[in-house]
Q: 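Take this structure first; my questions come after.
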Amino acid sequence: MTARILDGNALSAKLRGELAGQAAELAARGVPPGLAVILVGDNPASAVYVRNKVAACEKAGIRSLKFDYPQDAEPAAVLARIAALNDDPAVHGILVQLPLPPQFDEKQVLEAISVGKDVDGFHAENVGRLSQGQPAFFPCTPHGVMKMLEYGDIPVSGADAVVVGRSNIVGKPMAMLLTQAGATVTVCHSKTRDLAAHTRRADILVVAIGRALAIGAEMVKPGATVIDVGMNRFPDGHPKAGKLCGDVDFEAAREVAGAITPVPGGVGPMTITMLLANTIESARRAAEGRR
Ligand code: NDP
């Protein structure tokens, strides 16, 4: 069997087109959606992510404001900026690109963002709302995965889902969203004793580890849906050394799976799309006086 490809670029293009229409409607009502992005330090990957987010905003008609701070920035300066943005009615979303330099307490920074502007969905109150099934801003990557399952016509309710990885930004919220959608969810991590025994049972396998090619074809149930969140480089010695790859051995796993996301062109673009969606939702709330 050769798996159906779940194309994150194509779905993103469709959804971003719809979002651009919604942004234009909000602008016509006098509430042009606005996103503030804060970048601290000189992490090259973070700079690329921020550039992509800002470019995607502009293309969708979302006004973006970018604030750059040096690696040795005072946390107080960033916290003061967040406080000002919380009070700015033209700003509907605030994003602080992670990771932050070591002098920062990440939790303190994330909690400083107003819950209603926390379009990354990392604030403890949004996480709590998600866990209780209340309306919230969902973290963008797992939210994007749920959209891929929805538009890919992958049945979630009743499915056995296995999430590999338990980070706050991907694995844990992914497990919560799948649980709410009716899947029976197992969360695996570095302490899991027999990872393959779990992954081989999964109708839906979501992998968010951060290790190139960690999941081989022999770990995939025939016909399963495989969602690869990982973003790594092929290791030295590999014919594609240095090129982008996921946590799953795509070429091998696609021969076993029923549906699979590629890297690049899978979950990555969907993460940014859901950031745009959350920002527009926040602007809509403001336009309707629901904040
Ligand atoms: P973290 O490093 O925060 O978490 C990795 C998780 O994987 C941990 O829970 C860890 O377990 C687990 N893990 C590590 N090694 C193994 C192993 N051998 N077997 C089983 N579990 C293991 O990473 P993130 O969640 O932030 O990101 C994961 C990947 O997804 C990265 O490649 C990242 O670049 C990518 N990513 C992609 C995004 C996108 O838009 N496509 C967005 C965000 C992330 P433990 O908790 O026990 O240490």
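Every heavy atom of this structure was used, including side-chain atoms; hydrogens, water molecules and symmetry mates were not. Remember, it's 1-based here, ligands and their atoms both numbered in the order they're listed. For reference, positions follow the sequence shown, starting with 1. Just so we're clear, the structure is a prediction, and the values are computed from it rather than from any experiment.
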Q: Between R166 and ligand 1, is there a nitrogen or oxygen pair with a distance under 3.5 Å?
A: yes
Q: For ligand 1, note which part of T192 has a heavy atom under 4.0 Å away: side chain, backbone, both or neither.
A: neither
Q: Taking only heavy atoms of T271, which atoms of ligand 1 are found under 4.0 Å from at least one of them?
A: 39 (C), 40 (O)
Q: Considering only heavy atoms, which of K191, M274, M231, R211 lies nearest to atom 32 (O) of ligand 1?
A: M231
Q: Out of P139, G8, S167, whose heavy atom sits nearest atom 4 (O) of ligand 1?
A: S167
Q: Is the contact between V229 and ligand 1 made by the side chain, the backbone, both, or neither, using heavy atoms and a 4.0 Å cut-off?
A: both
Q: Out of all atoms in ligand 1, which are within 4.0 Å of some heavy atom of I169? Include the element for each.
A: 26 (O)
Q: Just to confirm my output: which protein heavy-atom neighbour is closest to atom 21 (N) of ligand 1, and how far is it?
A: H189 C, 3.2 Å
Q: Could you list which atoms of ligand 1 come closer than 4.0 Å to a heavy atom of G210?
A: 28 (C), 29 (C), 31 (C), 32 (O)
Q: Taking only residues two or more places apart in sequence, or in another chain, which ones meet R129 in a side chain to side chain donor-acceptor pair (under 3.5 Å)?
A: none
Q: Do K117 side-chain atoms and L85 backbone N/O form a donor-acceptor pair below 3.5 Å?
A: yes
Q: Relative to the heavy atoms of N232, which atoms of ligand 1 are at a distance of less than 4.0 Å?
A: 32 (O)
Q: Atoms of ligand 1 less than 4.0 Å from G165 heavy atoms?
A: 6 (C), 7 (O), 9 (O)
Q: Please confirm whether the backbone N or O of V170 pairs with a side-chain atom of S167, one donor and one acceptor, at under 3.5 Å?
A: yes
Q: Which is closest to atom 6 (C) of ligand 1 by heavy-atom distance: G171, P142, G266, A208?
A: A208
Q: Is E25 salt-bridged to R29, going by a charged N under 4.0 Å from an acidic O?
A: no
Q: Tell me which one of I209, V164, D247 gets a heavy atom nearest to atom 17 (C) of ligand 1.
A: I209
Q: Taking only residues two or more places apart in sequence or in another chain, which ones pass side chain to side chain donor-acceptor pair (under 3.5 Å) with D68?
A: K66
